[in-house]
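Presented below is the structure to which this report refers.
Order of the sequence lines fixes the chain letters, A, B, ..., with proteins taken first and strands second; residue numbering starts at 1 for each chain. All values reported here derive from a predicted model rather than from experimental measurement.
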Amino acid sequence: AQSVTQPDIHITVSEGASLELRCNYSYGATPYLFWYVQSPGQGLQLLLKYFSGDTLVQGIKGFEAEFKRSQSSFNLRKPSVHWSDAAEYFCAVGARDDYKLSFGAGTTVTVRA
Amino acid sequence: NAGVTQTPKFQVLKTGQSMTLQCAQDMNHEYMSWYRQDPGMGLRLIHYSVGAGITDQGEVPNGYNVSRSTTEDFPLRLLSAAPSQTSVYFCASSYTRNTEAFFGQGTRLTVV
């Protein structure tokens with residue numbers, strides 16, 4: 001079965017600074033990989049996904065993520081953070097022969113002025 | 001443009017009561033699922049369905065029942081509520097295996 005680790009529980013970043021959120025997965029083959037964002041009191045919204053092909057994936061709101069097979073990682077980045085990026089971010093992994101998604105515990109991002 | 005609709009948004013139950021959380025999607029998605037979200041634990045899969053009449057257990061199924069009589073609806077039943085079921089519950093749907101999952105707004109359930 002697949003699993004996901006998000007090592008950082010909470011990150012504080014200044015507005016305008018860059019952001020990187022870490023995600024490591026465990027799966028025996030090439031997985032499907034996702035990043036979701038959850039604003040307070042809201043459901044989850046998909047930021048980006050990786051299925052195959054180019055390992056650098058562009059998403060919405062200026063986010064990108066890079067799949068590194070050798071490191072079993074799928075880290076999320078944004079060059080310049082806006083106050084509206086304050087939220088909780090979840091990495092998720094899916095197996096190619098299964099419907100189920102496994103989610104990490106989440107990383108809460110605080111943006112300071 | 002409804003997407004995935006969950007009702008109610010908030011609910012308080014007494015220990016031992018039963019209730020049903022409703023989930024409906026209007027995107028003709030074959031796959032639907034229920035998650036619970038608890039602080040520091042991410043989302044954990046309770047039950048899922050790959051089509052009408054087909055359901056299966058996820059990671060944390062105990063105390064919950066589901067059924068899928070139509071493509072659109074996937075209700076989650078709490079048989080006898082316990083304080084450990086206090087959580088935020090999310091319903092999600094997707095078109096096929098591991099395409100994007102669309103989430104509802106969640107139901108915040110408190111069991112006292």
Flag yes if more than 12 heavy atoms outside A:I60 fall under 6.0 Å of its CD1 atom; otherwise flag no. yes

Here the gap from B:R44 atom CZ to A:F103 atom CZ, rounded to the nearest 0.5 Å, amounts to 13.5 Å

Interatomic distance, A:Q42 atom CD to B:Q105 atom CD [nearest 0.5 angstrom]: 5.0 Å

Picking from B:A101, B:A92, B:P39, B:G106, which has the most non-hydrogen pairs under 4.5 angstrom with chain A? B:A101

Validation row: B:L43, A:L44 side chains within 4.5 angstrom (heavy atoms): yes

To check you understand the geometry: which heavy-atom pair defines the closest contact between A:A105 and B:G40, and what is its length? CB-O, 3.4 Å

When hydrophobic residues are tied together by side-chain contacts of less than 4.5 Å, even through go-betweens, does A:L21 share a cluster with A:V37? yes

Would you mind reporting whether B:F102 and A:Q45 have side-chain heavy atoms less than 4.5 Å apart? no

What heavy-atom pair brings A:F90 and B:Q37 nearest, and what distance separates the two atoms? CZ-NE2, 3.1 Å

With respect to chain B, which residue among A:E88, A:Q38, A:Q6 yields the maximal number of heavy-atom pairs within a distance under 4.5 Å? A:Q38

Membership question, hydrophobic clusters at under 4.5 Å side-chain separation (ILVMFWY): are A:V111 and A:F63 in the same one? yes

Shared hydrophobic cluster for A:Y50 and A:L76 (ILVMFWY, side-chain gaps under 4.5 Å): yes

Between B:L76 and B:V88, is there a shared hydrophobic cluster once you connect ILVMFWY residues whose side-chain heavy atoms come closer than 4.5 Å? no

Just checking B:R108: does its CZ atom have more than 12 heavy atoms from other residues, nucleotides or ligands closer to it than 6.0 angstrom? no

